[in-house]
Trainee: 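Dropping the structure in here first, questions after.
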Amino acid sequence: MLNLRSLESIGEAVRAGEVTVREVVRRYLKAIESGQSLNAFVEVYEEEALARADAIDADIAQGGWKPLYGAVLGNKDVIVVKDHKVSAASKILEGFESLFSATAIRKLEEAGAIVIGRLNCDEFAMGSSNENSVYGPVHNAIDPERVPGGSSGGSAVAVQAGMCTAALGSDTGGSVRQPASYCGVVGLKPSYGRVSRYGLIAYASSFDQIGVFANNVADAARILSCISGPDEYDATALNEDLPEITITDPKPESRRIACFSEVLNGEALDPEIREATLAMIEKLKAEGHAVEVVEFPYIRYVVPAYYILTTAEASSNLARYDGVHFGYRAGEAETIEEVYTLSRSQGFGKEVKRRILLGTFVLSSGYYDAYYTRAQKMRKLLVDKTNEILDSYDFIISPSTPGTAFKIGDKTDDPVAMYLNDIYTVHANLTGLPAISLPFGTHSNGMPFGLQVTGRYKGEKELLEFSASLESTIKD
Ligand code: GLN
């Protein structure tokens, strides 16, 4: 039977002629329509998706086949698609259309996927709740009074609510893994450089990575295989291909796994999530893996280091939105200075302004060494210390988030409480390592939470093959 939550199932059904790609698209369009109040999609490419489906159906009828035929993908509003609007959920990019497609989008289309629309997110991917959007908040489909997480909240909900087979997001500090955890879906952040950032609107360039939301690890792996690879348009893209990932044997060889004691014993962690993590450690041991709780005292520095470095990079990246080059310009501006100040004051939202100010501050001459340089040193230390752990262990596991999805409005007045949501996820971005959030359990409050697995740099193959086995361990 056709399962719209599995690429393999869709592919098989389409190939066997049991269903047309047009029908698959139509079903997702229906789900998008009935889930409109969740506010996940800000634009649906209905006509275009159906036309593309017809072309694919015609090709299949001629015996043609491509790896992503039947796959229907949602795309976060920070990844550009040729001749389509893109706004980073910001007023400052109002009306802006892209002249080219991101490399990830081009590759998806070449592999036969259909991009069905543009997904809501936090403005310039800055946020952990999807409340910082010019389009208004996204609602978690399990409890619409709660946030979906952020910044890729629309992508998480689109997959959670069955509006597409998978979705692209971006992950600078957890924006794929944290919403995946809050919505009960799989969220993958590849190693830095695994996927080209060409066509991804920059937030903090040395952290940003395009990631994938899917219903299962196999789908995430398949999409990653299609979008990864070298790219002459992005000098930071890895100059090598992703090794082939084979998800067959559900119980792989015995692995060595670390879990940080500071995470398990940290006061931020919800007691039920802690219990679930401890139980998981025992289960993994029973399966023959060596799991050890190790000390990693640097955890307390990850959020401060992340918010100093990313705001510094953001203040520089966002300088280009000046009322001249792209999008919004304040109508009443008369002098050149007013064009800049009024366009930026009116065009950017509160959180983006907060970060530009913070970033400008940490880079300013009297404070540069006290903040920016120290945070850079901390980043280097984190990379070294984490790699030391990964010399002895294959993976690091932790909860993806300290708690479950909170109520809309609960943390909007407390930026620090909001930033602490990212305590377990920013580590992988500071170090450039691949990490994934897997649906792990359901809290007594009814909301899901995720298990994060971090692998070695460029170790997506091992990470995804192990994660696929974990999916069945979690279900057992
Ligand atoms: N929540 C984090 C932040 O606000 C992560 C954002 C992201 O990964 N894009 O910076």
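These numbers come from the heavy atoms of this one structure, side chains and all, not from hydrogens, waters or symmetry mates. Both counts, for ligands and for their atoms, begin at 1 and track the order of listing. We count residues from 1, following the sequence as given.
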Trainee: As an exercise, state the distance from CD of Glu123 to CD of Glu351, rounded to the nearest 0.5 Å.
Mentor: 9.5 Å
Trainee: Answer yes or no on whether Lys385 is positioned over the face of Phe296, meaning its NZ or CZ is under 6.0 Å from the six-membered ring centre and within 45° of the axis.
Mentor: no
Trainee: Kindly list each side-chain donor-acceptor pair under 3.5 angstrom involving residues 174-188, sequence neighbours excluded, with atom names and distances?
Mentor:
{"unit_1": "Ser175", "atom_1": "OG", "unit_2": "Ser151", "atom_2": "N", "d": "2.7"}
{"unit_1": "Ser175", "atom_1": "OG", "unit_2": "Ser151", "atom_2": "OG", "d": "2.7"}
{"unit_1": "Arg177", "atom_1": "NE", "unit_2": "Asp171", "atom_2": "OD2", "d": "2.9"}
{"unit_1": "Arg177", "atom_1": "NH1", "unit_2": "Thr425", "atom_2": "O", "d": "2.9"}
{"unit_1": "Arg177", "atom_1": "NH1", "unit_2": "Gln452", "atom_2": "OE1", "d": "2.8"}
{"unit_1": "Arg177", "atom_1": "NH2", "unit_2": "Asp171", "atom_2": "OD1", "d": "2.8"}
{"unit_1": "Arg177", "atom_1": "NH2", "unit_2": "Asp171", "atom_2": "OD2", "d": "3.3"}
{"unit_1": "Arg177", "atom_1": "NH2", "unit_2": "Thr425", "atom_2": "O", "d": "3.1"}
{"unit_1": "Arg177", "atom_1": "NH2", "unit_2": "Asn429", "atom_2": "OD1", "d": "2.7"}
{"unit_1": "Gln178", "atom_1": "OE1", "unit_2": "Gly150", "atom_2": "N", "d": "2.8"}
{"unit_1": "Gln178", "atom_1": "NE2", "unit_2": "Ser128", "atom_2": "O", "d": "2.8"}
{"unit_1": "Ser181", "atom_1": "OG", "unit_2": "Thr401", "atom_2": "OG1", "d": "3.1"}
{"unit_1": "Ser181", "atom_1": "OG", "unit_2": "Gly450", "atom_2": "N", "d": "2.9"}
{"unit_1": "Tyr182", "atom_1": "OH", "unit_2": "Asn421", "atom_2": "OD1", "d": "2.3"}

Trainee: Can you see which heavy atom on Tyr135 is nearest to which on Asn39, and at what distance?
Mentor: O-ND2, 2.8 Å
Trainee: Output the distance between atom CG (Leu433) and atom OH (Tyr457), rounded to the nearest 0.5 Å.
Mentor: 9.5 Å
Trainee: Going by side chain to side chain contact (heavy atoms under 4.5 Å, CB included), Asp77 matches just one of Lys85, Glu43, Arg118. Which one?
Mentor: Arg118
Trainee: Protein N/O near ligand 1 N/O, under 3.5 Å, which pairs?
Mentor:
{"unit_1": "ligand 1", "atom_1": "1 (N)", "unit_2": "Gly127", "atom_2": "O", "d": "2.9"}
{"unit_1": "ligand 1", "atom_1": "1 (N)", "unit_2": "Ser128", "atom_2": "OG", "d": "2.8"}
{"unit_1": "ligand 1", "atom_1": "1 (N)", "unit_2": "Asp422", "atom_2": "OD1", "d": "3.2"}
{"unit_1": "ligand 1", "atom_1": "1 (N)", "unit_2": "Asp422", "atom_2": "OD2", "d": "3.0"}
{"unit_1": "ligand 1", "atom_1": "4 (O)", "unit_2": "Gly127", "atom_2": "N", "d": "2.9"}
{"unit_1": "ligand 1", "atom_1": "4 (O)", "unit_2": "Gly127", "atom_2": "O", "d": "3.4"}
{"unit_1": "ligand 1", "atom_1": "4 (O)", "unit_2": "Tyr307", "atom_2": "OH", "d": "3.4"}
{"unit_1": "ligand 1", "atom_1": "4 (O)", "unit_2": "Arg355", "atom_2": "NH1", "d": "3.2"}
{"unit_1": "ligand 1", "atom_1": "4 (O)", "unit_2": "Arg355", "atom_2": "NH2", "d": "2.8"}
{"unit_1": "ligand 1", "atom_1": "8 (O)", "unit_2": "Thr172", "atom_2": "N", "d": "2.7"}
{"unit_1": "ligand 1", "atom_1": "8 (O)", "unit_2": "Gly173", "atom_2": "N", "d": "2.6"}
{"unit_1": "ligand 1", "atom_1": "8 (O)", "unit_2": "Gly174", "atom_2": "N", "d": "3.3"}
{"unit_1": "ligand 1", "atom_1": "8 (O)", "unit_2": "Ser175", "atom_2": "N", "d": "3.0"}
{"unit_1": "ligand 1", "atom_1": "8 (O)", "unit_2": "Ser175", "atom_2": "OG", "d": "2.7"}
{"unit_1": "ligand 1", "atom_1": "9 (N)", "unit_2": "Ala125", "atom_2": "O", "d": "2.8"}
{"unit_1": "ligand 1", "atom_1": "9 (N)", "unit_2": "Ser151", "atom_2": "OG", "d": "3.4"}
{"unit_1": "ligand 1", "atom_1": "9 (N)", "unit_2": "Ser175", "atom_2": "OG", "d": "2.7"}
{"unit_1": "ligand 1", "atom_1": "10 (O)", "unit_2": "Tyr203", "atom_2": "OH", "d": "2.9"}
{"unit_1": "ligand 1", "atom_1": "10 (O)", "unit_2": "Tyr306", "atom_2": "OH", "d": "2.7"}
{"unit_1": "ligand 1", "atom_1": "10 (O)", "unit_2": "Arg355", "atom_2": "NH1", "d": "2.8"}

